[in-house]
Amino acid sequence: MKATTPQALRQHYQARKAEVLATIGEGGTSTRGVHGVLRRLARLADDTLQTLWQQAGFGPRPTLVAVGGFGRGELYPASDIDVLLLLPAGWVVDGPDADEVLRQRIETFISGCWDAGLEIGSSVRTIDECLAEAEKDVTVQTALLESRAICGNATLYRNFQRRFKAALDPQAFFVAKTLELEQRHNKFEDTPYALEPNCKESPGGLRDLQTILWVARAAGYGKSWDELARKGLATPFEVRQIKRNESMLALIRLRLHLTAGRREDRLVFDLQTAVAARFGYGLPAPTLGTGVSSLPPEGAVSPRSGLAAKPDPAAAVKVKVRASEALMRHYYWAAKAVTQLRQILLLNIEAQLNPKTQAPVPINERFLDRGGLIEVADDRLYQKEPHAILETFLVYQTTQGLKGLSARTLRALYNARNLMTAKFRKDPVNRATFLQILQQPQGITHAMRLMNQTSVLGRYLWPFRRTVGQMQHDLFHVYTVDQHILMVLRNMRRFFMAEHAHEYPFCSQLAAAWDQPWILYTAALFHDIAKGRGGDHSDLGAEEVRRFARDHGIPREDAALIEFLVREHLAMSRIAQKSDLSDPEVIASFARQVGDERHLTALYLLTVADIRGTSPKVWNAWKGKLLEDLYRYTLRVLRSGQDGPAPAPHAEIEAHKHAALAQFHATEAQAPAQAHEALWKTLDVSYFMRHDADDIAWHTQQLWRQVGAGQTLVRARPSPAGEGLQVLVYTPDAPDLFARICGYFDQSEFSIVDARIHTARNGYALDTFEVVAPTSPRDPGDAQRHEAICAQVEKELARTITDASPLPPPSKGRLSRRVKHFPVMPRVSLKPDDKAQRWLLSITASDQTGLLYKIARVLAHHRINLQLAKVNTLGERVDDTFLIDGPELQNNRAQIAIETELLDVLAS
């Protein structure tokens, strides 16, 4: 290398690096040559390191060693270059006996690397120090396992290799790496189908393949896929699949680095479209969307603008596919193939390392129990008896002590995928077996997940196959459709398990009285199965499950219930979160929709399971309370309808008053018998309909001495819903009151999840807010923290309300990355009630800081009175409903002005 100065070295290195990367091209989908590019980048770094090593003047005794990923002889464009400066015994860099000349040379070398454009990670150790660190840390052990000498003392490096190999315990290393793999997978929720996966670290990513080679290399089984095949650990077919999918993942990672201009291994939303463009996805040629023809063959990569070979036009629906979705679809299928093959090879390596395992125990004539894993008795079992494919999972459910499938079984299933044809799906024996799997009293979640991992579920249940790896372009789902479905199934199953009863006690109570859990499992399996086809997925899913029920001989009454659940699975959530549950007609209408208690209970359980299965962020205690309230109100109407007419509204109100009064006097034992009357005389029917007995009692306790006192009172307590705070505001009403309150909560970083606004007859506002803060104590027993937060809110909010200064301008809203990638089109709907006296304002928009305050300022500017607010946040999307009135709403021009101003603030 002629370049010698740091600047010349940098220019030379960057120029040659650009030449190498140019060979990968733009818009190319071929994975051929990707590993050659990575190896050329590593050799280029080697050349530069050798020059810098010579310039530092180390001499012949130390050795420069590549470790980690760089040690494999491959380098990604923005990856660190990890090196070890291996020193002879007795050479000391740190401490009182340090060799200052050596220290100076090391500093010169490392600074020279950075000056030349090499982002290195370096360590300086002797052989003894290397072995000591490796014994303490399996990560260091792994990095040294892949080491290779770059330059320097070859004898020293050979001694290192000899001693490292002698110190390495293959069995212990295998255990450590498999535990590490499990922990890493847990960080990614054990699924390759995250919407922003890490192509290196996520399940099914490159790290899974590297783990196989690490443990194989440590055991002496080989350093490459071909060597593993020669050792009998992998078949030639499996090796071809591994190489193909490894190349696809490597190309994605390489292009991710180029697109981001930095080390970035996550396929984040911001980069997916740009990376897809580098592959040529999203070309103007017509594409088939989420039908089966858009899927590549399992275990194979077919990146051709979202098209797979041999399309089946009859099964496909023409839906325009986003470029990013085409890329991600192929990523998911590659990751799934890697996951399947990783299981097979790691189990094979484990069996080789432990040859003296317990002898297999026969389960039946087809299957064996090998140490808790199901093993086929014959490698060609599935070819000879295809019925045994589904029987595998029934045996898994019904045989105690089984925890998975052996490598032999996984391999047999992997090779039997082409047997699961239309004829296989129509076979009466297979249909009966699948229904048996659904109807088992236990093991349903694990069986369905295992069927999906092995591609059996999508091969048998053909509509499900269309959901595999299908992205959901919204702001509250964090899983692909298939993973969301299985998550909902898991949630439903947990309602029936005693060990999970503490999670959702009311759901578990209802489930304990339910006689046919499989009906609910089937509804969970089908509720979103038609997502992405165009049209209403609820109606399309109902058609699918009707066909399924007919084909599988499900009794008519049960089939009708399952179809109802799939078609109406969004109804209860929509009503609970957007309608006024104090309105008797809302409850009566919903009662007519569900028809009876059995349908209501089933729909409630499915709704809770569904919301909990979208994202950990979407569910909160207040949503749970709304759904439970809707269930209880509707159940009361249904049960009363069995014996006569539903109770009149005034009967409900009197029941609320009676219970509240009893609770009030139990708390305020010294209060006069008529203490409540001064407050209650100022409250109308709507107040008693919108508040339950507990809230009425609390309000009465706080306000019976304050009625008409002309003061502002703010009180806070831990929310009865179980999360956050409930805040009471009692103050003379003012047009900008709601805006001031929203402004305070916004500045204090509280999220308002519900607001019940009421104006008393004496002109006082009696408002109740449910709020949650990021730092709110979730444990109701954390009394000290609750008291401190409540006291702070009471003091500061009262001061904010009485402040006569103009409303401050709203802060500039901050948008999350997901909102920027999946923006929600702002929508405002303003509709009158039957008498055009009150209006229903519905707002949908992307969530952002201060959004509710912006809305409140517009309403205050137009002197709009707020009577009810239902604040609903779904991930990063808000879907809020307000019941309002005011003189300006009677004027069409003013209505348009209000809607326009709201749209402006939603878009700002």
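Side chains are part of it too, since the values below use all heavy atoms of this structure and drop only hydrogens, waters and symmetry mates.
- Using a cutoff of 4.0 Å between basic side-chain nitrogens and carboxylate oxygens, K177 and E180 are scored as salt-bridged.
- The shortest distance between side-chain heavy atoms of T23 and R40 falls below 4.5 Å.
- Within the 3.5 Å criterion, the main-chain N or O of V175 finds a donor-acceptor partner in the side chain of T178.
- Distance alone, capped at 3.5 Å, is enough to place a donor-acceptor pair between the R329 side chain and the V468 backbone.
- Counting heavy atoms from C-beta on, the side chains of D80 and R263 come closer than 4.5 Å.
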List the steps, then state whether side-chain contact (heavy atoms from CB on, under 4.5 Å) holds for V456 with L450.
-> CA-CA 8 Å; V456 172; L450 196 55; over 6 Å; no
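- Remark: side-chain polar atoms of N354 are paired, donor with acceptor, to backbone N or O of E350 under 3.5 angstrom.
- Taking 4.5 Å as the limit, some side-chain heavy atom of I127 sits within range of a side-chain heavy atom of L156.
- Here the side chain of E375 pairs no donor or acceptor atom with the backbone of L368 at under 3.5 angstrom.
- The shortest heavy-atom contact between R417 and S455 is CD-CB, 4.3 Å.
- Ion pairing between D115 and R10 fails under the 4.0 Å rule for side-chain N and carboxylate O.
- Taking both residues in full, the closest heavy atoms of D208 and S202 are given as OD1-O, 4.3 Å, listed atom of the first, atom of the second, then distance.
- K336 places a side-chain N or O within 3.5 Å of a backbone atom of N452 that can act as its donor or acceptor partner.
- Considering only heavy atoms from C-beta on, I242 comes within 4.5 Å of L345 through its side chain.
- Ring pair W53/F109 is perpendicular by interplanar angle, where above 60° counts as perpendicular and below 30° as parallel.
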Please assess I120 against F70 for the test side-chain contact (heavy atoms from CB on, under 4.5 Å), listing each intermediate value before the final yes or no.
-> CA-CA 10 Å; I120 70 163; F70 185 41; over 6 Å; no
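- Y13 is linked by a ring-ring contact (aromatic ring centres under 6.0 Å, His included) to nothing, counting only residues two or more places apart in sequence or in another chain.
- With respect to the salt-bridge test (charged N to carboxylate O, under 4.0 angstrom), the residues E246 and K243 do not qualify.
- For R449 (side chain) and L486 (main-chain N/O), no donor-acceptor pair under 3.5 Å exists by modelled atom type.
- Not a single donor-acceptor pair under 3.5 Å links the side chain of R105 to the backbone N or O of L102.
- You'll find the side chain of R125 reaches within 4.5 Å of the side chain of V140, heavy atoms only.
- Looking at E238 and W225, their side chains never bring a donor and an acceptor atom within 3.5 Å of each other.
- Heavy atoms of other residues, nucleotides or ligands lying less than 6.0 angstrom from CD of E129 number more than 12.
- Between the side chain of K403 and the backbone N or O of G371 there is at least one donor-acceptor pair closer than 3.5 Å.
- Of all non-hydrogen atoms in C113 and L49, the two that sit nearest each other are SG-CD2, 3.7 Å.
- Residue S147 comes nearest to V65 through the heavy atom pair CB-CG1, 3.6 Å, listed as atom of the first residue, atom of the second, then distance.
- Annotation for P197 and P192: closest pair CB-O, 4.3 Å, computed over non-hydrogen atoms.
- Taking the charged nitrogens against the carboxylate oxygens, D46 and R148 do have a contact shorter than 4.0 Å, which makes a salt bridge.
- Between G73 and A42 the shortest heavy-atom distance is O-CB, 3.3 Å.
- A salt bridge does not link R411 with D379: every distance from a Lys NZ or Arg NE/NH1/NH2 to an Asp or Glu carboxylate oxygen is 4.0 Å or more.
- Side-chain contact between V138 and F173: present, with at least one pair of heavy atoms (C-beta onward) separated by less than 4.5 Å.
- A donor atom on one side chain and an acceptor atom on the other are not found under 3.5 Å apart for T126 and D128.
- Using modelled atom types, one finds a donor on one side chain and an acceptor on the other under 3.5 Å when comparing T155 with R158.
- E74 and R72 are not joined by a salt bridge, as no carboxylate oxygen comes within less than 4.0 angstrom of a charged side-chain nitrogen.
- A donor-acceptor pair is defined here as one N or O able to donate and one able to accept, closer than 3.5 Å; such a pair exists between the side chain of T51 and the backbone of D47.
- The pair E196-R266 does not meet the salt-bridge criterion, since no charged nitrogen lies less than 4.0 angstrom from a carboxylate oxygen.
- Here the side chains of F58 and L64 are not in contact, with every heavy-atom distance at 4.5 Å or above.
- Between D190 and H185, some side-chain heavy-atom pair lies under the 4.5 Å cut-off.
- Between the side chain of N348 and the main chain of L233, a donor-acceptor pair closer than 3.5 Å is present.
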